[in-house]
There are 2 protein chains.
Amino acid sequence: MPIKKSASARPVKRTPRRSVLSDEIYEMIKRMIFDHEIAPGSRVNIDALAVQLDVSQTPVREALARLESDGLIAKEPLKGYKATDLLSLKEFNDLFQFRLLIEPWAAEQAAKLVDNTGKTALKAEMQSAKTALKISGDDQFQALTEHDARFHALIASISGNQSVADSYERTHCHLHLFRLFMANKLHLIEGESRAKFVQDLFDEYYQVGSGQLAIKEHDVIAKAIIDQNSKAARTAMHAHIESSLRRFAPAAQAINKK
Amino acid sequence: MPIKKSASARPVKRTPRRSVLSDEIYEMIKRMIFDHEIAPGSRVNIDALAVQLDVSQTPVREALARLESDGLIAKEPLKGYKATDLLSLKEFNDLFQFRLLIEPWAAEQAAKLVDNTGKTALKAEMQSAKTALKISGDDQFQALTEHDARFHALIASISGNQSVADSYERTHCHLHLFRLFMANKLHLIEGESRAKFVQDLFDEYYQVGSGQLAIKEHDVIAKAIIDQNSKAARTAMHAHIESSLRRFAPAAQAINKK
DNA sequence: AAATACTATTTCGTATAGTATTTTCAATAT
DNA sequence: ATATTGAAAATACTATACGAAATAGTATTT
């Protein structure tokens, strides 16, 4: 009786991979765009990227094709891929207008349809927000951004309408807003002599002050949904998005003015 | 006096390709999904597809990656791609609910912002609708579907909000609705003995009757926009989408009941 | 200085080989 | 009969090398 070849060849028999390389690469590249490792507007060379990530071109190409559909990477035929530019002021306003069309409705629906699972998830997400507030430095803004993304996606999901949830996800608004924030920050750092001072003010304004405010607004929304008060949920979401628009507008303007 | 060099040097040289192969393949595959050459829910074999289209796997993979982002193809890691299933009744309703959130607003904005270029484009599109009504048979439904897709996309574009326009395009609603229609038709053909009779009724209802009705509704919307009557445009668009929902609902129900 | 020609780089697509995983299907056991 | 098992086949995934075609940059000529 021969020894099982398959067993001897793969003695440990590692658990089957649940994801494929191209998916990981997709996430990696998205991450690189997220934190300016790939700067807005910069060229993306497939070869170089493949070498850098230590994979072949095949998964990189698939990832870039998906990122193009997502609107995070732009393709110019025969010239290559480049990271999309930062949001123009118009795109910024358009994006928030779009969110105003779907998110207040989503919050309203969520309040109508939420079940115990949804309520638990909402409470957990708000708990994670409180944790994020304890972090300090740049990481705090990133943590808050990620909470924000999850919070809004969660509500879209609880609304029960997949089309709405998908359309929200595909805006990648948290990614675009974070890029604006980072670009603004980098700009300030390289700026005049008062850069450090301005930066500190900026940090305080955006991270601590604004962060706490945003989370307070999230709290109102979450409570309204948990109370199944649909009108209050809609109103609170509307107010939150407009408030968020006002918070980010200076950064969007500064970048476009530059 | 020398002959214009740029003219003499270039004419022989064939015009540079404006698109790359993977884009053409993307369109081809989308087309194959559109008219059930790739049936809903069926597996998509990359190898076979590459052979069939007479290209290598690379452009096919890029196209499929994009189609997955579009939600037209689903990927299961290590198992491969498959065409998405037909819309469930819930997805169907969700989709129309989503459209109700953005399209009436888009029509309203379009009426406010439309310029002469937009008015001309709207008139041209309505003219093409009249032409489509003259076609007979199955092609008519396809022609009407394509007009419908262009009409709604045009209004979203005139609204000036790129986020809104993109989100509409990405629903690919005309594609999904056409697939529902075709599936229903195929189902009827393979059905009972009264199939032919029912089919004729169906044709008349959906193609001639419904087609003319849809175009009448488009006319109302187009006129409101051209008149820059924003409230009327919003109302007309809202009514049209609800009317369209009612027209397609029987097909969506029939398929889900099957 | 401007047009042209040439070179280098890069993108795009092909071809192929190898590995990992799923699927198929028949033999075996329950 | 049903379920389990295990090899074989099919398929998905990744790597790699190469070549054609377009673009970008440089040098040369007029």
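Order of the sequence lines sets the chain letters (A, B, ...), proteins ahead of strands, with each chain counted from 1.
Here the P atom of nucleotide C/dT14 and the CD atom of B/E62 are 11 Å apart, to the nearest Å. Atom CD1 of A/I46 is separated from atom C1' of D/dA15 by 15 Å (rounded to the nearest Å). When the C1' atom of C/dG13 is taken as reference, atom CG of B/D23 falls 13 Å away, rounded to whole Å. In this structure, the CG atom of A/L21 is 15 Å from the C1' atom of C/dG18, given to the nearest Å. Here D/dT11 presents its C1' atom at 14 Å from CG of B/L49, a figure rounded to the nearest Å. Remark: P of C/dA15 and CG of B/D54 are 8 Å apart, rounded to the nearest angstrom. Per the geometry, CG belonging to A/D47 stands 12 Å off C1' belonging to D/dA17, to the nearest Å. What separates CD of B/E76 from C1' of C/dT23 is a distance of 13 Å, to the nearest Å.
Separation of the B/F178 and B/F141 ring centroids falls under the 6.0 Å cut-off.
No engagement by B/V60 is indicated, since no non-hydrogen atom pair under 4.0 Å with the nucleic acid exists.
Exactly one of B/E125, B/Q142, B/H174 qualifies for a side chain to side chain donor-acceptor pair (under 3.5 Å) with B/H147. That residue is B/E125.
Between A/R31 and A/D35, at least one side-chain nitrogen of the basic residue sits less than 4.0 Å from a carboxylate oxygen of the acidic one, meeting the salt-bridge criterion.
Partners of A/H152 according to the ring pair (Phe, Tyr, Trp, His ring centres under 6.0 Å) rule, which considers only residues two or more places apart in sequence or in another chain, are A/H218, A/H240.
Contact check, B/S56 against C/dT14: a side-chain N or O comes under 4.0 Å of OP1 or OP2. Under 4.0 angstrom from either OP1 or OP2 of C/dT11 there lies at least one side-chain N or O belonging to A/N45. For B/K79, no side-chain nitrogen or oxygen approaches OP1 or OP2 of D/dT11 to under 4.0 Å.
Distance from the side chain of B/Y81 is smallest to D/dC13 among D/dT14, C/dT11, D/dC13. Comparing C/dT11, D/dC13, C/dT14 by their nearest atom to the side chain of B/P59 picks out C/dT14.
Listed here is the closest heavy atom pair of B/K75 and A/D23: NZ-OD1, 2.9 Å. Of all heavy-atom pairs between B/T84 and B/A74, the closest is CG2-N, 4.1 Å.
Without hydrogens or angle criteria, A/T131 side chain to A/Q127 main chain gives a donor-acceptor distance under 3.5 Å.
Among the duplex regions that DNA chain D forms, those built from at least three successive Watson-Crick or G-U pairs under 3.5 Å are C:1-30 with D:1-30, ordered by first number.
Counting atom types as modelled, A/R61 pairs a side-chain N or O with a base atom of C/dG13 as donor and acceptor under 3.5 Å.
Residue-to-nucleotide proximity on DNA chain D shows that, of A/T58 and B/G80, the 5′-proximal contact is made by B/G80.
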